[in-house]
Amino acid sequence: MTTLTLMQGDTDTRNFTLSDGNGSINLTRYYPNILFCMDDLAGHYYEIACSKQSSSSSTYKSLSEGGIAVKYTSTHLSVAGSYKGQFVLTDSTGELTFPLGDLITVNIIEKIKR
């Protein structure tokens with residue numbers, strides 16, 4: 001299971017490489033219809049449209065190599081707590097969700113009030 005830790009109210013971009021038991025997933029046919037969806041037990045839900053990874057990133061992977069980026073805004077990170085997330089890929093044949101058999105944990109740490 002993948003676990004991310006982010007700070008409440010920040011903005012951040014995280015790169016992911018989607019893969020299954022056969023290797024990385026070619027995301028070309030799904031782009032731009034790729035979402036990262038996350039929710040918590042209190043009912044906070046966010047859908048984040050994913051983007052291509054920046055080629056200047058040290059961990060760069062192209063869409064054909066399974067590379068995708070999630071750009072979190074201060075709105076996505078506004079409520080501290082523990083979220084579960086997954087990628088939803090849509091094309092003309094339907095929807096696929098990743099990761100297979102597990103969810104991504106996103107921990108949003110409460111920012112210290114000044």
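Note that the structure is predicted; figures quoted are calculated from it, not measured. Count residues from 1 along the sequence.
Taking all atoms of both residues into account, the shortest heavy-atom contact from Leu18 to Leu89 is CD1-CD1, 4.1 Å. Of all heavy-atom pairs spanning Gly67 and Gln53, the tightest one is CA-NE2, 3.4 Å. Of all non-hydrogen atoms in Ala80 and Gln8, the two that sit nearest each other are N-NE2, 3.8 Å. Gly9 and Ser74 make their closest contact through O-CB, 3.2 Å (heavy atoms, listed as atom of the first residue, atom of the second, distance). Between Ser19 and Ile25, the shortest heavy-atom distance links the atoms CA-CG1, 3.8 Å.
Evaluation of the side-chain hydrogen bond (donor to acceptor under 3.5 Å, both in side chains) rule for Glu65 yields Ser62 as partners, not counting sequence neighbours. Under the rule for a side-chain hydrogen bond (donor to acceptor under 3.5 Å, both in side chains), the partners of Asn107 that lie at least two apart in sequence or sit in another chain are Ser82. Listed by chain and residue number, nothing satisfies the side-chain hydrogen bond (donor to acceptor under 3.5 Å, both in side chains) test with Ser24 (two or more places apart in sequence, or in another chain). Remark: Asp12 pairs with Arg14 by the salt bridge (charged side-chain N to carboxylate O under 4.0 Å, His left out) rule, at least two apart or across chains. With sequence neighbours excluded, the residues that form a salt bridge (charged side-chain N to carboxylate O under 4.0 Å, His left out) with Lys111 are Asp10. The salt bridge (charged side-chain N to carboxylate O under 4.0 Å, His left out) test applied to Glu110 returns Lys113, not counting sequence neighbours. Under the side-chain hydrogen bond (donor to acceptor under 3.5 Å, both in side chains) criterion, Ser56 pairs with Ser54, sequence neighbours left out.
Cluster note: Tyr45 groups with no other residue, as no ILVMFWY side-chain heavy atom lies under 4.5 Å from it. Connectivity analysis of hydrophobic side chains (ILVMFWY, heavy atoms under 4.5 Å, direct or indirect) links Ile109 to Met7.
Residue pairs meeting the salt bridge (Lys or Arg N to Asp or Glu O under 4.0 Å) criterion with at least one member in residues 35-51, sequence neighbours excluded, do not occur. Counting only residues at least two apart or in different chains, ring-ring contact (aromatic ring centres under 6.0 Å, His included) contacts with residues 2-22 comprise Phe16-Phe87.
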CA sep, side-chain torsions, deciding dist, call: Thr105, Leu4, side-chain contact (heavy atoms from CB on, under 4.5 Å): CA-CA 6 Å; Thr105 299; Leu4 302 175; over 6 Å; no
Between side-chain atoms of residues 28-37 and protein atoms elsewhere (two or more places apart, or another chain), which donor-acceptor pairs fall under 3.5 Å?
{"residue": "Thr28", "atom": "OG1", "partner": "Asn26", "partner atom": "OD1", "Å": "2.7"}
{"residue": "Arg29", "atom": "NE", "partner": "Asp91", "partner atom": "OD2", "Å": "2.6"}
{"residue": "Arg29", "atom": "NH2", "partner": "Asp91", "partner atom": "OD2", "Å": "3.2"}

